[in-house]
Amino acid sequence: MVRAMLMLHTSDWHLGRSLHRADLRAAQAAFLDHLVATVRTEKIDVVLVAGDVYDRAVPPVHAVELCEDALLRLHATGARIVLISGNHDSARRLGFGGGLLDKAGVHLRTRVATLARPVLLEDAHGPVAVYGVPYLEPDAVRDELLSASDPASDPASDPASDPASDPASEPASEPASEPASEPASEPASAQPVPRGHAGVLGHAVRCIQADAEARGVRRRVVMAHGWVSGGAVSDSERDITVGGVGQVPAELFAGFSYVALGHLHGQQTLARHLRYSGSPLPYSFSEAAHHKGSWLVELDAQGTKRAERVPAPVYRRLSVLRGRLPDLLGSAAYARYAGDFVSVALTDAARPEGAMDALRARFPHILVLTFEPEGAVPDRRGYRAILAGRDDLAIAAEFVRHVRNAPATGGEQHLLARAFEAVRAHEQAED
């Protein structure tokens, strides 16, 4: 039996991120342990990391150490690693030392000018070209994209300067300077780059297709970080819209054997060859129902033969609870949420005192508490309209009512009136 190439598609690690100030280092480390074990057990040939390795452009030291350790252990399995930068990453920082790491089989694709420079792999069916497209901020990269497939500026034009290329696996072709090696149509780099996400990513794809045609490689894998139409969003993704438009059409990726996408945090299949791996952990309560994981993808001679979901370990569940405080504290139905990260919306008619402390005694990992009293009608008036015609005491009493959804008592109004009188007396004494 001919062994097909096995790829493991993951993305959006967001190392260094917390969840409402809850430390997620142990959870992220557990996922990376699982990832390394999967690569070793399944004998993965190449690991595809589709961006947002870190949560911030300048990640904390512990996040950098965690990433370094993961890459070292993945490399020790014998797998190749291809990693692109996402919109949360600093492309320059993440790509530091990329030339040296290329020689070791860890390929950092963070520079726009080299997006049409593939990592060339080989299996029994022949060559596979893996192209990594870093996150492209439209207005920042349009000029740089013009050189993405220019032989004068792209190291890929010289196979000897491409550490990712194995000369033995290169198809026979004419030197890049010979007319026979150029596509018959106008070079992609000479075409104007339209504005917006669809414009810059579309130009990048044309550069990649032109390079693959010139190399004679039929099986092509591309990695990209962005919002492809049909993908479902969650609350934890950073908005990347430009002029109100953030999506790119899925049709851009027609003709590829597999497209490994990053950015959206839900694991999703847009087409057989077009998938989001999603984040390995839930990073907002909007992801409480997500099933996290990676994709194990098998390539045969024609392209994607199968894609199998590999579930990620669940460090701690996320649960969203809603109800009255006595019910949440006393009902046995809520006992199974005691070990979860919890978001609670209280529906009591009046805001209970000490609610957070009481809830924390039953749900030690409660992270969010909101007050949404049943039957309350929100006041749609503006701030100026709400205050119009009211004196200081009336405004303060209204604040008390707003906070706890119950009017100030007579005793509380008396205390507020005395407080205002004391302030006025102090101001008059200073005058």
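For the residue pair R275/T269, the side-chain donor-acceptor check at 3.5 Å is satisfied. The closest side-chain donor-acceptor pair between S319 and D340 falls under 3.5 angstrom. If you check the side chains of S234 and S284, you find no donor sitting under 3.5 Å from an acceptor.
The distance from the NE2 atom of H263 to the OG atom of S279 is 11.5 Å, given to the nearest 0.5 Å. Taking CG of L66 as the start and CZ of R25 as the end, the distance is 9.5 Å to the nearest 0.5 Å.
Ring planes of H88 and H14: perpendicular class, angle over 60° (limits at 30 and 60°). Note on ring orientation: taking the six-membered ring where Trp is involved, the planes of H197 and Y135 are tilted (angle from 30° to 60°).
For R390, the CZ atom counts as densely surrounded, since its 6.0 Å shell holds more than 12 non-hydrogen atoms of other residues, nucleotides or ligands. No more than 12 heavy-atom neighbours from other residues, nucleotides or ligands sit within 6.0 angstrom of NE2 on H291.
A salt bridge is absent between R80 and D102; no separation between the charged side-chain nitrogens and carboxylate oxygens falls under 4.0 Å. Residues E287 and K292 are paired through a salt bridge, judged by an N-O separation under 4.0 Å between the basic side chain and the carboxylate. Taking 4.0 Å as the cut-off between side-chain N and carboxylate O, D33 and R73 count as a salt-bridged pair. Using a cutoff of 4.0 Å between basic side-chain nitrogens and carboxylate oxygens, E374 and R322 are not scored as salt-bridged. No salt bridge links R17 with D52; every basic N to acidic carboxylate O contact stays at or beyond 4.0 Å.
Looking at D348, its side chain does come within 3.5 Å of a backbone N or O of L325 through a donor-acceptor pair. In terms of modelled atom types and a separation under 3.5 Å, the side chain of S257 and the main chain of T304 share no donor-acceptor contact.
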- Let me see the working for R220 and I208 under side-chain contact (heavy atoms from CB on, under 4.5 Å), right down to the final yes or no. CA-CA 9 Å; R220 307 160 188 179; I208 288 168; 5.9 Å; no
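Between M223 and V130, some side-chain heavy-atom pair lies under the 4.5 Å cut-off. L145 places a side-chain heavy atom less than 4.5 Å from the side chain of L115. Residues V205 and V222 form no side-chain contact, since every pair of their non-hydrogen atoms from C-beta on lies 4.5 Å or further apart. In this structure, V320 and L318 have side chains that are not in contact, with every pair of non-hydrogen atoms separated by 4.5 Å or more.
Considering Y283, F341, F285 as possible partners of H20, the one that fulfils the ring pair (Phe, Tyr, Trp, His ring centres under 6.0 Å) test is F285.
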